Amino acid sequence: MAIRNIRKDDDDILRKKSKKVETIDDRIITLLDDMADTMYDADGVGLAAVQIGVLRRVVVVDDGEGLIELINPVIVYESGEQLEEEGCLSLPGKGGMVKRPSKVIVRAMDRYGNTFEVEGTDLLARAFCHEVDHLNGILFTDKVISEESASIIESN
Ligand code: ZN
């Protein structure tokens, strides 16, 4: 277990598309463990592998209700709308209002290779959307409706 360096600001890797995980091997397990350590150390709500420089479709999220590990996550359902302030561990000091669905269902694999679905509302729905965007090279600043720099409530 280790805390890894979070890629920030205009680091090119944040704009790259992450590749699907084909085999869950020891490297992926270590990656999941390190991502959780890194997220908790940085006080984040979520972290995508690309944020520590690994272009794989792996995400960790914890909205305060426990750790959720997602391998190859896909949003299979979304409904409603919420407009809240968002931030990102890769964009320190930046914040802004972003529109997201108020409820989503994500399908993913766990570390044992089992496919599962998890529902998220409010902050958890926002975190799922934000992290899946990271896997496609999309940052929240691409979707900001109004900017409020340096007044971040939460970092995803
Ligand atoms: Zn982020």
Side-chain angles (χ1 to χ4, degrees), residues 1-8 11-91 98-143 152-156:
M1 307 258 266
I3 292 161
R4 302 221 204 159
N5 187 37
I6 297 177
R7 304 297 190 95
K8 291 186 178 129
D11 192 318
D12 287 346
I13 200 163
L14 294 171
R15 289 304 184 177
K16 293 196 172 139
K17 223 177 147 171
S18 295
K19 289 195 189 87
K20 217 174 150 180
V21 174
E22 302 293 349
T23 313
I24 301 171
D25 54 14
D26 288 350
R27 290 182 66 163
I28 297 294
I29 300 302
T30 302
L31 176 65
L32 281 164
D33 290 341
D34 289 356
M35 284 171 66
D37 285 350
T38 305
M39 174 181 71
Y40 290 127
D41 178 68
D43 258 332
V45 174
L47 191 76
V50 60
Q51 291 180 275
I52 56 166
V54 179
L55 286 167
R56 293 286 159 194
R57 300 186 85 81
V58 178
V59 161
V60 293
V61 170
D62 190 341
D63 68 340
E65 300 289 320
L67 179 65
I68 301 170
E69 297 176 332
L70 303 168
I71 298 170
N72 299 336
V74 179
I75 294 169
V76 292
Y77 173 85
E78 54 180 78
S79 70
E81 203 175 277
Q82 56 169 320
L83 184 63
E84 296 288 342
E85 185 168 12
E86 205 161 308
C88 179
L89 293 176
S90 291
L91 301 171
V98 181
K99 200 185 280 183
R100 301 283 191 188
S102 55
K103 177 181 163 181
V104 300
I105 295 172
V106 177
R107 184 179 297 150
M109 255 186 328
D110 65 17
R111 60 167 63 208
Y112 308 105
N114 302 310
T115 300
F116 69 103
E117 288 187 355
V118 55
E119 181 184 304
T121 55
D122 305 323
L123 176 59
L124 191 55
R126 172 170 298 278
F128 286 152
C129 294
H130 179 110
E131 302 310 332
V132 170
D133 275 355
H134 270 303
L135 303 182
N136 296 318
I138 298 164
L139 298 173
F140 86 89
T141 43
D142 300 345
K143 297 182 166 180
I152 300 169
I153 296 165
E154 72 237 356
S155 299
N156 291 317

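Scope of the values below: all heavy atoms of this structure, side chains included, with no hydrogens, waters or symmetry mates. This structure is a prediction, so every number in the text was calculated from the model and none was measured.
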State, to 0.1 Å, how close [X] and [Y] come at their nearest heavy-atom pair, and which atoms those are.
X      : Y      : answer
Leu55  : Val50  : CD2-CG2, 3.7 Å
Leu89  : Lys8   : O-CE, 3.6 Å
His130 : Gly87  : CE1-O, 3.3 Å
Glu119 : Thr121 : OE2-CG2, 4.1 Å

Donor-acceptor pair, distance only, cut-off 3.5 Å: does the side chain of [X] make one with the backbone of [Y]?
X      : Y      : result
Arg57  : Val21  : no
Asp110 : Tyr112 : yes
Gln51  : Ile6   : no
Arg126 : Val98  : yes
Asp25  : Ile28  : yes
Thr38  : Arg4   : yes

Walk me through whether Arg56 and Lys19 qualify under side-chain contact (heavy atoms from CB on, under 4.5 Å).
CA-CA 5 Å; Arg56 293 286 159 194; Lys19 289 195 189 87; 3.7 Å; yes
- [ ] Determine, step by step, whether Glu81 and Lys99 satisfy the side-chain contact (heavy atoms from CB on, under 4.5 Å) criterion, reporting the C-alpha distance in whole Å, the side-chain angles of both residues, the deciding distance to 0.1 Å, and the verdict.
- [x] CA-CA 7 Å; Glu81 203 175 277; Lys99 200 185 280 183; 3.5 Å; yes
Apply side-chain contact (heavy atoms from CB on, under 4.5 Å) to residues Asp133 and Arg100 and explain how you reach the verdict. CA-CA 12 Å; Asp133 275 355; Arg100 301 283 191 188; 2.9 Å; yes
request  = Using side-chain hydrogen bond (donor to acceptor under 3.5 Å, both in side chains) as the criterion, list what pairs up with Asn72, not counting sequence neighbours.
outcome  =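 Listed in chain order: nothing, the list is empty.
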